[in-house]
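Input: a single structure, listed below in structure tokens.
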Amino acid sequence: MYKDTNCGEPRESAVGSQITVAGWVHRRRDHGNLIFIDLRDRSGLLQIVFNPEYSQTAHDLAGSLRSEWVVQITGKVVRRLPGAENPDLPTGAVELSATDLVVLNRALTPPFEIADDIEVDENTRLKYRFIDLRRPRMQRALKLRHEVTHIMWDFLTAKGFTQVETPILIKSTPEGARDYVVPSRIHPGEFYALPQSPQQLKQLLMVSGLERYFQIARCFRDEDLRADRQPEHTQLDFEMSFVHQDDVMAIVEELYSRIVHETVPDGTISAPFVRLTYAESMDRFGTDKPDLRFGMELSTVTEIAARSDARVFQSVASSGGSIRGFIAPGCGNYGRRQTDELTEFAKQSGAQGLVFIALDESAESIEKLEDDHIKSPLKKFLSVEIVRELATKMGAGPGDLMLIVAGANRLVNTVLSNLRNEMARRLEFVDEKHFAFAWIYDFPLFDWDEDLKKWEPAHHVFSSPKPEHMQYLDTDPGKVLANLFDLVCNGSEMGSGSIRIHDRDLQARMFSIIGYTEDQISERFGQLLTAFSYGAPPHGGMGLGLDRLVAILVGEQAIREVIAFPKTQSAVDPLFEAPSPITDQQLEELHVRVVMPRS
RNA sequence: GGUCCCGUGGUGUAGCGGCCUAACACGCCUCCCUGUCAAGGAGGAGAUCGGCAGUUCAAAUCUGCUCGGGAUCGCCA
């Protein structure tokens with residue numbers, strides 16, 4: 001070994017011992033006859049002193065050290081001079097008085113500083129990711145990520161789960177997200193696909209009698225990227241046989257509680273996890289992934305607003321849309337600039353506009369609300385009576401700001417749920433150390449696709465309908481709820497699960513409801529249906545996003561921050577410069593011809 | 001596919017028609033310095049302002065296109 005001690009380890013108890021450390025020169029402070037080095041390794045920082053009285057040669061060499069050089073240093077741990085301790089450093093009571101210095105490798109000046117508080121262009125960071133990852137914050141994220149998967153392995157192993165690796169080269173199924181595709185050399189004109197999830201494979205493992213399977217699985221989707229979406233992401237994929245929905249939830253609840261407690265000791269968690277039906281979540285929050293760390297729940301005021309003289313309200317109500325809103329408490333004094341910002345924000349989410357009604361705090365109560373107390377761009381269309389009714393319905397009081405959006409149901413929900421999160425951010429309602437986990441369940445089995453004029457599976461085709469809704473399967477598919485549930489936390493979807501269909505005929509019926517022909521069914525799902533004919537147990541499971549979980553635990557918005565080598569928004573890896581063209585010879589071997597798009 | 005924001009020495013920013021021969025901080029280089037820890041002091045090097053085209057007597061600054069990064073809607077079973 002090049003070292004017998006890690007930089008972050010020495011404490012007062014080590015004073016007097018001779019140690020050898022190795023690491024990177026974090027900073028050098030050269031006082032001429034006395035040189036200080038902060039030496040960094042994965043464990044932290046240790047101050048090294050080069051004093052010519054102890055070693056002239058080491059001191060001479062130390063003068064030439066530069067940032068990020070890799071060095072090995074031997075010396076004696078000494079107590080720092082009184083008053084020279086550094087309380088900000090865990091090793092701050094001691095320092096290493098160097099007797100030997102070996103330069104293991106020199107380094108170019110890094111393109112950016114190795115520090116947590118830097119703000120460097122992300123492309124530069126990714127291009128030099130190997131340096132970016134030297135930052136303590138990044139190391140913390142990677143280590144925490146490891147800790148999380150370690151807990152998952154431990155926990156699930158103890159619960160009788162078996163980890164199975166499923167193939168990365170599988171068959172393309174054109175529904176859902178776009179597949180990443182790999183050409184076959186051996187079979188000209190044929191392609192593998194990278195899995196979007198090991199869904200069918202794990203269901204087959206249930207038929208195989210494994211009963212409890214899990215995998216930290218890489219999943220691939222060729223869709224546009226976002227802060228929380230990468231072309232490849234990792235999920236905890238698991239499946240269990242002979243279970244009901246509650247059994248699946250219970251396992252996850254125990255596991256995730258443990259993960260939070262062990263990785264974020266000062267974090268708080270809502271236990272048991274909140275449970276909301278999909279319908280209730282949409283009604284109260286306008287989204288199926290509500291942030292439950294704060295209130296500001298939505299109200300529906302279509303009927304009241306439609307009785308006002310405002311034409312926007314009347315026309316939306318008569319065309320079957322909805323008028324909904326929520327209260328921003330204490331924001332009745334918002335000025336033009338603030339309301340403009342919010343309007344702009346709402347428009348970004350697709351709203352035509354945003355209606356404000358501010359109630360002056362001088363009003364004694366809603367009952368005693370006077371015309372003077374009301375401020376709104378729509379004021380001349382709103383009678384005091386209507387405003388009183390609205391305020392009562394929405395729960396507004398003097399000094400509050402009512403935010404109202406009118407439009408198509410879905411749009412109104414999108415806008416208001418985004419706006420609700422934005423207001424919480426502005427009003428600092430968000431507790432960063434609280435993890436508000438919730439189960440959203442009773443999702444509909446199908447969504448109506450207006451463009452294609454057909455039913456689409458709300459999550460995926462393998463989820464089972466609730467038994468009591470089976471009767472509507474053919475007559476009114478939109479009415480059928482599924483044994484389908486999402487785990488959400490702080491406004492993010494953490495994963496999705498369901499009790500699957502294990503009956504061959506029912507699964508085949510599902511495929512035909514969403515419009516697959518017999519040929520398509522046997523071509524794409526033949527193996528699953530066949531397997532179901534050979535004794536498939538009732539089963540269910542989940543896919544839980546690891547990247548998002550770790551991001552939430554470390555308080556990052558973008559999952560790029562918790563992925564060692566992520567891609568940019570255009571799906572490029574700036575470090576390796578992937579994707580890239582391949583040689584003509586490779587193309588020929590793969591029987592692939594490239595047709596560039598006309599520009 | 002759409003919308004919005006950003007692009008100036010190595011890094012982060014300022015400048016937003018002529019005062020720019022581009023400013024500041026950090027970093028870098030040289031020298032000085034025995035107690036610093038974002039060390040300090042003195043001096044120095046380094047950018048033609050993402051690219052192209054245009055408007056103008058004059059462009060980092062205005063316009064168009066384009067490239068790159070980010071956010072977001074669509075999309076993501």
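Just so it is clear: chains get the letters A, B, ... in the order the sequence lines come, proteins before strands, and each one is counted from 1.
- Within 3.5 Å, a donor on the side chain of A:R229 pairs with an acceptor on the base of B:rC75, or the reverse.
- Among the heavy atoms of the strands, none lies under 4.0 Å from A:V461.
- Annotation: cation-pi pair A:K479/A:Y472 present, NZ/CZ under 6.0 Å from the ring centroid and within 45° of its normal.
- To the nearest angstrom, C1' of B:rA71 lies 12 Å from CG of A:D228.
- Comparing B:rU11 with B:rG51, their C1' atoms sit 22 Å apart, to the nearest whole Å.
- Between the P atom of B:rG7 and the CD atom of A:E122 lies a distance of 16 Å, rounded to the nearest Å.
- For A:H31, taking side-chain heavy atoms from C-beta onward, the closest of the listed nucleotides B:rG68, B:rC73, B:rU36 is B:rU36.
- Note on A:E85: a base of the nucleic acid sits closer than 4.0 angstrom, heavy atoms only.
- Within 4.0 Å of A:A227, counting heavy atoms only, lie sugar-phosphate atoms of the nucleic acid but no base atom.
- Within residues 42-61 of chain A, the residues approached by RNA chain B to less than 4.0 Å at the level of any non-hydrogen atom are A:Q47, A:N51, A:E53, in residue-number order.
- When Watson-Crick and G-U wobble pairs are counted only if both distances are under 3.5 Å, B:rG68 pairs with B:rC6.
- Nearest-nucleotide mapping onto RNA chain B: of A:F36 and A:E456, the residue sitting toward the 5' end is A:F36.
- Comparing B:rG12, B:rG35, B:rG68 by their closest approach to the side chain of A:D121 singles out B:rG12.
- Only the C1' atoms considered, B:rG69 is 25 Å distant from B:rG46, to the nearest whole Å.
- By the 5.5 Å and 30° criteria, A:F112 is not stacked with the base of B:rU11.
- Rounded to whole Å, the P atom of B:rU8 lies 10 Å from the corresponding atom of B:rA14.
- One P atom belongs to B:rG70, the other to B:rU34, and the distance between them is 49 Å to the nearest Å.
- Across all strands shown, B:rU30 is found opposite B:rA42 as a Watson-Crick or G-U wobble partner, with both distances under 3.5 Å.
- Partner assigned to B:rC24 is B:rG12, using Watson-Crick or G-U wobble distances below 3.5 angstrom.
- For OH of A:Y180, the number of neighbouring non-hydrogen atoms (other residues, nucleotides, ligands) closer than 6.0 Å is greater than 12.
- When both pairing distances are held under 3.5 Å, B:rC75 makes no Watson-Crick or G-U pair with any nucleotide shown.
- Contact annotation: A:N86 side-chain N/O to B:rC37 OP1/OP2 distance is not under 4.0 Å.
- Distance check on atom C1': B:rG7 versus B:rU66 gives 13 Å, rounded to whole Å.
- Salt bridge absent: A:K289 and A:D486 never bring a charged side-chain N and a carboxylate O closer than 4.0 Å.
- At a cut-off of 3.5 angstrom, the base of B:rG70 holds no donor-acceptor pair with the side chain of A:R560.
- For A:L225 and B:rG69, the CG to C1' distance is 13 Å, given to the nearest whole Å.
- Per the geometry, CZ belonging to A:F345 stands 14 Å off P belonging to B:rA71, to the nearest Å.
- Judged purely by distance below 3.5 Å, without hydrogens or angles, the side chains of A:Q47 and A:R29 pair a donor atom with an acceptor atom.
- Checking A:Q199 against A:L34, the closest nucleotide of RNA chain B that is more toward the 5' end is the one next to A:L34.
- Straight-line distance from the CG atom of A:D179 to the P atom of B:rC76: 13 Å, rounded to whole Å.
- The shortest distance between the side-chain N/O atoms of A:R29 and the OP1/OP2 oxygens of B:rA39 is below 4.0 Å.
- Across all strands, A:A177 comes closer than 4.0 Å only to sugar-phosphate atoms, never to a base (heavy-atom distances).
- Ionic pairing of A:R137 and A:E556 is present here: one or more N-O contacts between side-chain nitrogen and carboxylate oxygen are shorter than 4.0 angstrom.
- In this structure, of B:rG10, B:rG35, B:rG69, it is B:rG10 that holds the atom nearest to the side chain of A:P111.
- Checked for salt-bridge contact, A:R135 and A:E113 miss the test: no charged N lies under 4.0 Å from a carboxylate O.
- Rounded to whole angstrom, the span from the CG atom of A:N33 across to the C1' atom of B:rC31 amounts to 15 Å.
- Taking only distance into account, the side chain of A:D224 meets the base of B:rG74 through a donor-acceptor pair shorter than 3.5 Å.
- Between A:T109 and B:rG10 there is no side-chain polar atom (N or O) within less than 4.0 angstrom of OP1 or OP2.
- With sequence neighbours left out, the side-chain contact (heavy atoms from CB on, under 4.5 Å) criterion links A:F525 to A:E175, A:Q200, A:F462, A:F511, A:Y516.
- Judged by Watson-Crick or G-U wobble contacts below 3.5 Å, the nucleotide B:rU48 has no partner.
- Remark: the separation of the P atoms in B:rU48 and B:rG43 is 26 Å, to the nearest Å.
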Could you walk me through whether A:N418 and A:E422 satisfy the side chain to side chain donor-acceptor pair (under 3.5 Å) test, starting with their C-alpha distance in whole Å, then the side-chain angles of each, then the deciding distance to 0.1 Å, before giving a yes or no? CA-CA 6 Å; A:N418 287 344; A:E422 171 67 12; over 6 Å; no
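- Across all strands shown, A:Q569 has heavy atoms under 4.0 Å from base atoms, whether or not it also approaches the sugar-phosphate.
- Taking only distance into account, the side chain of A:E95 meets the base of B:rG35 through a donor-acceptor pair shorter than 3.5 Å.
- Between A:D38 and A:R28 no salt bridge is recorded (no basic side-chain N to carboxylate O distance below 4.0 Å).
- With sequence neighbours left out, the ring-ring contact (aromatic ring centres under 6.0 Å, His included) criterion links A:Y278 to A:F443.
- The side chain of A:R66 contributes an N or O atom lying less than 4.0 Å from OP1 or OP2 of B:rU30.
- Across all strands, A:S570 comes closer than 4.0 Å only to sugar-phosphate atoms, never to a base (heavy-atom distances).
- Rounded to an integer number of Å, the gap from CG of A:N123 to C1' of B:rC5 is 16 Å.
- Atom name C1', nucleotides B:rU55 and B:rA59: the rounded distance is 10 Å, in whole Å.
- Atom pair A:I559:CD1 and B:rG70:P shows a separation of 13 Å (rounding to whole Å applied).
- Here A:T124 does not reach the OP1 or OP2 of B:rG10: none of its side-chain N or O atoms lies under 4.0 Å away.
- In this entry B:rC37 has no Watson-Crick or G-U wobble partner, no candidate having both defining distances under 3.5 Å.
- Of the candidate nucleotides B:rC33, B:rG12, B:rG69, B:rC33 has the atom lying nearest to any side-chain atom of A:D30.
- Picking from B:rG35, B:rC76, B:rG74 the nucleotide with the shortest atom distance to the side chain of A:R226 gives B:rG74.
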Let me see the working for A:R79 and A:E85 under salt bridge (charged side-chain N to carboxylate O under 4.0 Å, His left out), right down to the final yes or no. CA-CA 9 Å; A:R79 189 172 282 111; A:E85 300 90 355; over 6 Å; no
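- Note on A:E577 versus A:K127: no salt bridge recorded, every NZ/NE/NH1/NH2 to OD/OE distance being 4.0 Å or above.
- Side-chain N/O atoms of A:R27 and base N/O atoms of B:rC37 include no donor-acceptor pair closer than 3.5 Å.
- Not one side-chain nitrogen or oxygen of A:R80 sits closer than 4.0 Å to the OP1 or OP2 atom of B:rU36.
- For B:rC5 and B:rG64, the P atoms lie 12 Å apart once the distance is rounded to whole Å.
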